[in-house]
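Here's the structure, in structure tokens; my notes come after.
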Amino acid sequence: MRPNIAIDGPAGAGKSTVAKKLSQELGYLYIDTGAMYRAVAYYALKEGIDLKSEKALADLVRNLDISLAYDQENQLKVYCNGTDITDKLRTQIVSQNVSIVARVPAVRLRLVENQRKMAAKGGVVMDGRDIGSFVLPDAQLKLFITASLEQRTIRRMKELQAQGYRIDFEELKQEIKQRDTIDALRKMAPLKKAQDAITVDTTNLTVDETVQHILNIYKERFGCQ
Ligand code: DC
């Protein structure tokens, strides 16, 4: 069985971009668990559900069937009850509310069950906050990808500008900081570096440099690529 690779880290550290490229290099399946939490947040907002009500969120997630699939251009698509909602997930409103939704144990348990099933056969690169520490504690390679708050804000700012948003840098910085705080302080499966994870600080690295660095670690550990 091919190894599983767990990638965790704070918001905006470049996890998804790196994980996606890495999976392409290795011919592995990329699983974006953040997109799954975003899908729940999107639906909760769409349905006008009170995000403070754990019961309402638990009821909602019970009836949501969230799945990931690749289209013909090899782009990852997120489906919810059969509808492609990929384009709805990286908006500001979803980013601002997703951590509140992701705190709820019933939401996490439902999604984690799916995530573990997807990784059961090995050969996945899965990114999130709790992958190495909770979802896949037996993953053969665990990475904790970080970058300075300043650099993470710059990256997120560029992503939002490309979507046409005009956002104040300091406000965005505080928003990212607050999201990390909620993610790190929640009771169930918080954002945490697994004990056996290798830290990769990407503050001064390009995406390609980061991927190459991880490929070297992979090669060293598993002997081939
Ligand atoms: O990686 P991202 O920014 O798309 O993640 C969105 C949010 O989802 C993040 O703020 C916390 C939550 N999340 C989580 O709690 N556990 C994961 N495994 C992945 C994401």
Side-chain angles (χ1 to χ4, degrees), residues 4-20 22-23 30-45 51 54 57 61 64 66 68 76-78 80 85-119 124-137 139 142-147 149 151-153 155-160 163 165 172-194 197 202 207:
N4 282 326
I5 302 176
I7 300 186
D8 293 300
K15 296 183 301 294
S16 340
T17 316
V18 166
K20 207 180 296 169
L22 185 66
S23 68
Y30 167 52
I31 299 170
D32 177 357
T33 65
M36 299 170 79
Y37 289 95
R38 285 174 181 270
V40 179
Y42 167 73
Y43 260 85
L45 291 164
L51 300 188
E54 291 204 10
L57 287 167
V61 80
L64 288 185
I66 297 166
L68 305 178
L76 186 66
K77 297 284 168 192
V78 185
C80 198
I85 55 163
T86 317
D87 293 346
K88 320 270 189 213
L89 303 182
R90 296 201 66 84
T91 60
Q92 262 303 75
I93 182 83
V94 170
S95 295
Q96 283 160 347
N97 289 285
V98 60
S99 284
I100 311 283
V101 171
R103 280 195 306 205
V104 177
V107 170
R108 303 200 70 79
L109 287 174
R110 174 112 166 97
L111 299 187
V112 167
E113 190 189 325
N114 271 355
Q115 292 157 10
R116 287 184 178 148
K117 271 188 201 148
M118 288 189 271
V124 306
V125 177
M126 189 179 283
D127 83 329
R129 305 292 188 284
D130 59 340
I131 310 305
S133 57
F134 183 74
V135 181
L136 304 176
K142 298 180 186 177
L143 302 155
F144 193 79
I145 299 194
T146 61
L149 178 61
Q151 186 59 32
R152 291 188 286 125
T153 310
R155 288 177 190 163
R156 181 80 182 131
M157 187 97 181
K158 282 188 186 155
E159 189 186 353
L160 288 170
Q163 289 177 32
Y165 285 105
L172 184 62
K173 193 162 145 185
Q174 288 316 311
E175 205 180 288
I176 292 173
K177 200 170 158 193
Q178 194 194 2
R179 186 139 71 95
D180 287 343
T181 306
I182 299 174
D183 291 342
L185 294 183
R186 69 171 172 243
K187 282 207 185 80
M188 187 183 173
L191 159 65
K192 189 165 78 179
K193 176 179 179 293
T202 70
V207 170

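When a ligand or atom number is given, it counts from 1 through the structure's own listing order. We number each residue from 1, following the sequence as shown.
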note = Shortest non-hydrogen pair, Thr91 vs Gln163, comes out as CA-OE1, 4.3 Å
Donor-acceptor pairs under 3.5 Å, side chain of residues 187-194 to any protein atom, not counting sequence neighbours: which ones?
from, atom 1, to, atom 2, distance (Å)
Lys193, NZ, Ala197, O, 2.9

remark   = Correct closest heavy-atom pair for Glu54 and Pro105 would be OE1-CD, 3.9 Å
remark   = In short, Ser95 meets Val98 closest at the heavy-atom pair O-CG1, 3.5 Å
task = Output yes when Glu175 and Arg179 qualify as a salt bridge under the 4.0 Å nitrogen-oxygen rule, no when they do not.
result = no
ask   = So which protein residues pack against ligand 1 under 4.0 Å, heavy atoms counted?
value = Thr33, Gly34, Tyr37, Arg38, Arg90, Val98, Ser99, Ala102, Arg108, Gly128, Arg129, Asp130, Ile131, Arg179, Asp183, Arg186
query = If we ignore angles and hydrogens, is there a donor and acceptor under 3.5 Å between the side chains of Arg155 and Thr202?
reply = yes
